[in-house]
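Everything numeric here is computed off the predicted structure, so don't read it as measured data.
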Amino acid sequence: TGANAVAVWKNKAVVVGGDFTNDTYADSNCVLLRLKKNIQLKLPLRKPSGYRSSVIFATKKILVCCGTSGVDVSFDAGNNWINISKQSFHVVQKAKKGNAIFLAGAKGKIALLKL
């Protein structure tokens, strides 16, 4: 259990993780940080829906995270998360050019997410 991934956008960071052995347990799986002189911690109002192993900022306000119990998206910089899939993925990454977001999971599973 614990933190598994960090995404940073300028002075903001999002940390995701949770309990890998109980991957649908959604308590203590996300924290939002303000990286200024004093680091400020904040919990989201609506958390990701379980253990999450990867997170990215797709834009300044849109985040995507994934884990073995699904994929979640936030449209308000991490304050509220919406589950968009129950499919298992281990990692998420945005393409350097364009808006394509790729997810990868076990046994070579790959998905393309367009927001």
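- Separating the CG atom in D72 from the CD1 atom in I84 is a distance of 7.5 Å, to the nearest 0.5 Å.
- You'll find the side chain of V55 reaches within 4.5 Å of the side chain of L63, heavy atoms only.
- Residue V92 comes nearest to C66 through the heavy atom pair N-SG, 3.8 Å, listed as atom of the first residue, atom of the second, then distance.
- Using a distance-only test at 3.5 Å, with no hydrogens or angles considered, a donor-acceptor pair links the side chain of S74 to the main chain of N80.
- The heavy-atom pair separating G78 from W81 by the smallest distance is O-NE1, 3.0 Å.
- In this structure, K61 fails the cation-pi test against F75, since its NZ or CZ atom is not both closer than 6.0 Å to the six-membered ring centre and inside 45 degrees of the ring normal.
- Across all non-hydrogen atoms, the minimal contact from L113 to V64 is CD2-CG1, 4.0 Å.
- Here I101 contributes atom CD1 and K114 contributes atom NZ; the two are 11.5 Å apart, rounded to the nearest 0.5 Å.
- When all heavy atoms of A7 and I56 are compared, the pair lying nearest together is CB-CA, 3.9 Å.
- The shortest side-chain heavy-atom distance between V14 and F57 falls under the 4.5 Å cut-off.
- Other residues, nucleotides and ligands contribute only 12 or fewer heavy atoms inside 6.0 Å of the CG atom of N99.
- Between P44 and C30, the closest heavy-atom pair is CD-O, 3.5 Å.
- Counting heavy atoms of neighbouring residues, nucleotides and ligands inside a 6.0 Å radius, atom NZ of K109 exceeds 12 of them.
- Applying the ring-ring contact (aromatic ring centres under 6.0 Å, His included) rule to F20 yields the partners Y51; only residues at least two apart in sequence or on another chain are considered.
- Residues K12 and L35 have side chains not in contact (no heavy-atom distance under 4.5 Å, counting atoms from C-beta outward).
- Under the 4.5 Å side-chain criterion, counting only non-hydrogen atoms from C-beta, V16 is not in contact with N29.
- Between the side chain of K94 and the backbone N or O of G98 there is at least one donor-acceptor pair closer than 3.5 Å.
- Note: D23 CG to S88 OG = 7.5 Å, rounded to the nearest 0.5 Å.
- A salt bridge links K47 with D27: the distance from a Lys NZ or Arg NE/NH1/NH2 to an Asp or Glu carboxylate oxygen falls below 4.0 Å.
- By the criterion of side-chain heavy atoms lying less than 4.5 angstrom apart, applied directly or through intervening Ile, Leu, Val, Met, Phe, Trp or Tyr residues, V15 is grouped together with I39 in one hydrophobic cluster.
- Following chains of ILVMFWY side-chain contacts shorter than 4.5 Å, one cannot reach V73 starting from V31, and the two form parts of different hydrophobic clusters.
- In the model, S69 has a side-chain atom that pairs as donor or acceptor with a side-chain atom of R52 under 3.5 Å.
- Judged by distance alone, with hydrogens and angles left aside, the side-chain atoms of S54 form no donor-acceptor pair with the main-chain N or O of C65 at under 3.5 Å.
- In this structure, N79 and L32 have side chains that are in contact, with non-hydrogen atoms separated by less than 4.5 Å.
- Side-chain contact between L103 and V71 is present, with at least one heavy-atom pair separated by less than 4.5 Å.
- No side-chain donor-acceptor contact under 3.5 Å links S53 and N4.
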